[in-house]
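Here's the structure, in structure tokens; my notes come after.
Here the structure is a predicted model, which means the values were calculated and not measured. Throughout, protein chains are lettered first and strands after them, A, B, ... in sequence-line order, and every chain is numbered starting at 1.
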Amino acid sequence: MGDWERTDYCGKLGTNDLEREVVLMGWVQSHRDHGSVIFIDLRDREGLVQAVLNPENSEEVHKKGEAIRDEWVIAIKGKVTKRTPETINPNLQTGEIEVMASEVRILNTSKVIPFLIEDDINVDELLRMKYRYLDLRRPSMKNNIITRHKVAAATRDYLNNEGFLEVETPYLTRSTPEGARDFLVPSRLNPGEFYALPQSPQLLKQTLMISGLDRYYQVVRCFRDEDLRADRQPEFTQIDIEMTFINEDDIMNIVEGMLKAIFHEAKGIKVETPFKRMGHEEAMLKYGSDKPDTRFGLLLQDISHVFVDSEFKVFSGAIKNGGIIKALKVEGKAGELSRKEIDDFTDTAKTLGAKGLAWIRASEGEWQSPIVKFFSEEEKENLQKTLNLSDGDIVFFAADIPHTVNLVLSNLRLTLGERFGMIDHKKFNFLWVEDFPLFDFDHKEKRYVAMHHPFTSPNEEDMELLDEQHGKIRSRAYDVVLNGVEIGGGSIRIYRKDIQEKIFSAIGLSMEEAQDKFGFLLEALEFGAPPHGGIALGLDRIIMLIAGAPSIRDVIAFPKTQKGQCPLTEAPSEVDIKQLLELGIKLDIKDKDKNDS
RNA sequence: GGAGCCGUAGUUCAGCCCGGUUAGAACGCUGGCCUGUCAAGCCAGAGGUCGCGAGUUCAAAUCUCGUCGGCUCCGCCA
């Protein structure tokens with residue numbers, strides 16, 4: 001750089017800067033050498049500007065310019081001039097001006113880059129991650145990172161104004177059972193013992209309420225050692241919130257206000273509040289999902305009652321085995337779906353665990369279907385009454401255990417919604433899902449487990465059921481859902497020891513075990529724990545939705561592959577034997593050979 | 001743990017079904033020409049372990065099996 005100081009960002013220059021002498025520094029986006037005059041698009045964080053290297057102005061500048069290649073880092077001194085009308089580039093933010101270079105300095109060269117620095121490229125994601133610093137030079141990726149910053153800043157501004165304190169909790173903490181697999185960190189000072197990275201600061205934020213901090217938040221990294229998905233990374237960021245002396249409405253008000261502020265600040269999106277609310281039971285019944293996408297209709301119907309005693313064993317048998325039958329009717333679209341498409345839906349249903357996918361197509365007063373011949377007249381009548389089929393309608397059926405039926409049809413619902421353009425992608429439909437069951441029956445372990453977590457307060461109206469019908473107890477938990485994506489969840493917590501003990505007993509946890517696992521929180525509950533509750537929101541998912549990105553990987557600067565590896569840093573890696581010895585760790589690894597390319 | 005799709009110049013892809021000359025295209029790259037381009041243009045050129053391994057065959061990018069890796073999903077994720 002020598003004695004030069006940058007005066008401006010490339011992308012910020014405009015007609016207000018005409019005739020100014022500026023010094024710009026950045027990367028060469030592209031160079032166009034016309035033999036004499038050379039054009040260079042110079043790029044920095046804020047955008048592009050065209051520099052003109054003309055031998056009539058400076059032979060030396062032009063000579064230097066001939067060597068310059070894309071992605072080199074250069075500094076240009078020159079005067080901002082107005083372009084002639086016919087050379088204005090309306091596609092460029094700075095397209096009305098250009099910089100006539102009087103001096104050029106080459107600050108660094110670059111190897112030829114492995115992929116182009118521009119949006120709408122279709123490059124293998126592994127390559128993008130390996131060269132993440134280049135990937136992040138692309139405008140869309142850079143904008144995602146900027147959006148992320150704005151979301152975090154808006155979050156903090158909003159919560160600070162609402163009287164929240166940001167408190168940090170430890171990353172080196174204690175392994176807690178129930179829930180995701182922990183990432184473990186060996187303790188050198190305590191050989192044979194391990195810290196765990198937090199799945200969330202759940203217990204500690206409740207402890208802070210018992211401390212009387214009243215309103216807590218933290219933009220905090222969380223760690224879960226589970227398999228990855230497009231919206232799941234082993235480390236991710238939560239907006240973690242906890243409040244004292246509040247009920248569900250207080251939490252919801254704060255979250256609605258916060259999301260409103262976030263969407264406005266980050267992208268100028270206007271969010272309507274309050275959000276709609278839906279009971280968990282209704283969500284499962286009509287959408288087959290606890291995170292329904294409410295941007296379109298196409299609701300499921302339970303038609304089990306029609307086939308309880310049917311001769312068609314596929315249906316009646318499913319019911320006898322504790323299953324249900326549900327239908328998904330698409331009005332007037334029968335003619336638009338080819339047999340091939342229906343077969344594809346069936347294949348997808350099978351990968352989701354269904355044995356098949358039944359359908360009826362109503363056409364010219366007839367029902368075309370591979371299954372109708374098994375129905376009795378009464379069943380047909382009953383079905384018609386329930387579904388109200390008209391010519392041109394097509395209806396799909398799934399019969400299986402409720403989980404499979406809901407999985408298959410909720411998936412099909414989204415596919416069909418997309419297929420028939422029923423989803424308005426500009427819409428942001430927020431929804432509260434509430435009245436979750438407190439317990440979920442674990443068929444493998446043959447016991448009830450906490451659906452949210454074991455500190456979630458039961459619904460007071462359902463308290464009398466606590467001794468008997470565990471499956472029917474509703475909890476004071478709530479999720480916030482946006483366009484079919486769960487972006488947050490929380491609950492009003494238990495703050496009395498007697499209720500906490502009943503919950504533990506319901507999930508088959510003895511007080512001794514409970515003491516061992518969450519002892520400090522149980523003890524804290526005995527020292528004047530106030531009523532409290534909170535929520536945690538997935539920051540990455542919120543940004544993904546705002547940015548319109550297909551995966552949270554696109555809004556994380558340095559994400560990991562599905563195998564949990566970072567192609568840039570090559571983490572995780574083997575470590576020196578000396579490090580293991582210090583930690584008292586001996587490895588026992590089978591088939592460690594890697595014969596990859 | 002399971003299912004599906006994918007892996008061929010630097011990049012994105014075609015070729016693979018139906019095995020058979022020197023594995024093609026576009027973009028990028030290199031060199032030359034060119035004073036108004038902005039995805040510059042024109043001419044010329046270089047560039048390949050067809051992911052890896054084994055098998056079948058006279059012959060494999062192509063068929064078979066295995067394996068590694070990427071992505072999507074199921075399980076898992078209180």
Protein-nucleotide distance ([X], atom [atom1]; [N], atom [atom2]), rounded to Å:
X       : N      : atom1 : atom2 : value
N91(A)  : A40(B) : CG    : P     : 12 Å
L407(A) : C76(B) : CG    : P     : 11 Å
L228(A) : C77(B) : CG    : P     : 14 Å
Q562(A) : C76(B) : CD    : P     : 17 Å
E66(A)  : G31(B) : CD    : P     : 11 Å
Q199(A) : C76(B) : CD    : C1'   : 13 Å
R32(A)  : A40(B) : CZ    : P     : 6 Å
R229(A) : C76(B) : CZ    : C1'   : 7 Å

Using the [atom1] atom as the reference point in each nucleotide, state the distance between [N] and [M] in Å, no decimals.
N      : M      : atom1 : value
U21(B) : A26(B) : P     : 22 Å
C43(B) : G28(B) : P     : 14 Å
G70(B) : G51(B) : C1'   : 11 Å
C29(B) : G69(B) : P     : 33 Å
C63(B) : A59(B) : C1'   : 13 Å
A60(B) : C17(B) : P     : 14 Å
A9(B)  : G19(B) : P     : 24 Å
G10(B) : G75(B) : P     : 41 Å

Using purine N1 to pyrimidine N3 plus N6-O4 or O6-N4 for Watson-Crick, or N1-O2 and O6-N3 for G-U wobble, each under 3.5 Å, what pairs with [N]?
N      : result
G45(B) : C29(B)
C5(B)  : G70(B)
C58(B) : G20(B)
A40(B) : none

Categorize [X] for me: base, sugar-phosphate, or nothing, with a 4.0 angstrom heavy-atom threshold over every strand shown.
X       : answer
N89(A)  : base
H62(A)  : nothing
E118(A) : nothing

Q.
Just to verify, what does S140(A) make a side chain to side chain donor-acceptor pair (under 3.5 Å) with, not counting sequence neighbours?
A. D119(A)
(Q) So, taking the atom named CZ in R476(A) and the one named CD in E434(A), what distance separates them when rounded to the nearest 0.5 Å? (A) 11.5 Å
Q.
I need the single residue from I38(A), L53(A), V52(A) that forms a side-chain contact (heavy atoms from CB on, under 4.5 Å) with V61(A). Which is it?
A.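 Testing V61(A) for a side-chain contact (heavy atoms from CB on, under 4.5 Å) against I38(A), L53(A), V52(A) leaves exactly one candidate, L53(A).
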Find every protein N or O atom lying less than 3.5 Å from an N or O atom of nucleotides 24-29 of chain B, and list the pairs.
none

If only side-chain N and O atoms of [X] are considered, is one of them under 4.0 Å from the OP1 or OP2 phosphate oxygen of [N]?
X       : N      : value
K350(A) : A3(B)  : no
S30(A)  : A40(B) : yes
Q565(A) : G70(B) : yes

Q: Name all pairs fulfilling the side chain to side chain donor-acceptor pair (under 3.5 Å) condition that reach into residues 477-488 of chain A, sequence neighbours left out, sorted by first residue then second.
A: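 Checked against side chain to side chain donor-acceptor pair (under 3.5 Å) - neighbours excluded - no pair reaches residues 477-488 of chain A.
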Q. More than 12 foreign heavy atoms under 6.0 Å from CZ of F223(A): is that the case here?
A. yes
**Q.** N/O donor-acceptor pair under 3.5 Å between N54(A) side chain and E56(A) backbone
**A.** yes
Q. Which pair of non-hydrogen atoms, one from L184(A) and one from A196(A), has the smallest distance, and what is that distance?
A. CD2-CB, 4.1 Å
Q | W27(A) versus E71(A), closest heavy-atom pair with distance | A |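 The answer is CD1-O, 3.7 Å.
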Between [X] and [Y], does any side-chain donor sit less than 3.5 Å from a side-chain acceptor?
X       : Y       : value
Q202(A) : H453(A) : yes
Q50(A)  : R32(A)  : yes
T169(A) : Q218(A) : yes
R83(A)  : T81(A)  : no
T415(A) : E418(A) : no
D182(A) : Q199(A) : yes
T84(A)  : T87(A)  : yes

Which residues, if any, of [range] bring a heavy atom under 4.0 Å of RNA chain B?
range                       : answer
residues 476-485 of chain A : none
residues 220-227 of chain A : R224(A), E226(A), D227(A)
residues 123-138 of chain A : V123(A), D124(A), E125(A), L126(A), L127(A), M129(A)

If you only use heavy atoms from C-beta on, which nucleotide in [options] is closest to the side chain of [X]?
X       : options                : value
D33(A)  : C38(B), C73(B), C34(B) : C34(B)
E98(A)  : C71(B), G70(B), G36(B) : G36(B)
T87(A)  : U35(B), C38(B), G75(B) : C38(B)
R553(A) : G75(B), G36(B), U72(B) : U72(B)
L352(A) : C13(B), C73(B), G69(B) : C73(B)
S36(A)  : C13(B), U35(B), A40(B) : U35(B)
T351(A) : U35(B), U12(B), A3(B)  : A3(B)
R232(A) : C77(B), G69(B), C71(B) : C77(B)

Q | Pi stacking test for H34(A) and A40(B): under 5.5 Å apart, planes under 30° | A |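 Base of A40(B): stacked against H34(A).
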**Q.** Ring-on-base stacking U37(B) with F39(A) (under 5.5 Å, under 30°)
**A.** yes
Kindly indicate whether the side chain of [X], heavy atoms from C-beta on, has any atom under 4.5 Å from the side chain of [Y].
X       : Y       : value
V99(A)  : I76(A)  : yes
T456(A) : I494(A) : no
C10(A)  : E46(A)  : no

Q) 5'-most contact on RNA chain B: P114(A) or N54(A), nearest heavy atom basis? A)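 Its nearest nucleotide lies further toward 5', so the answer is P114(A).
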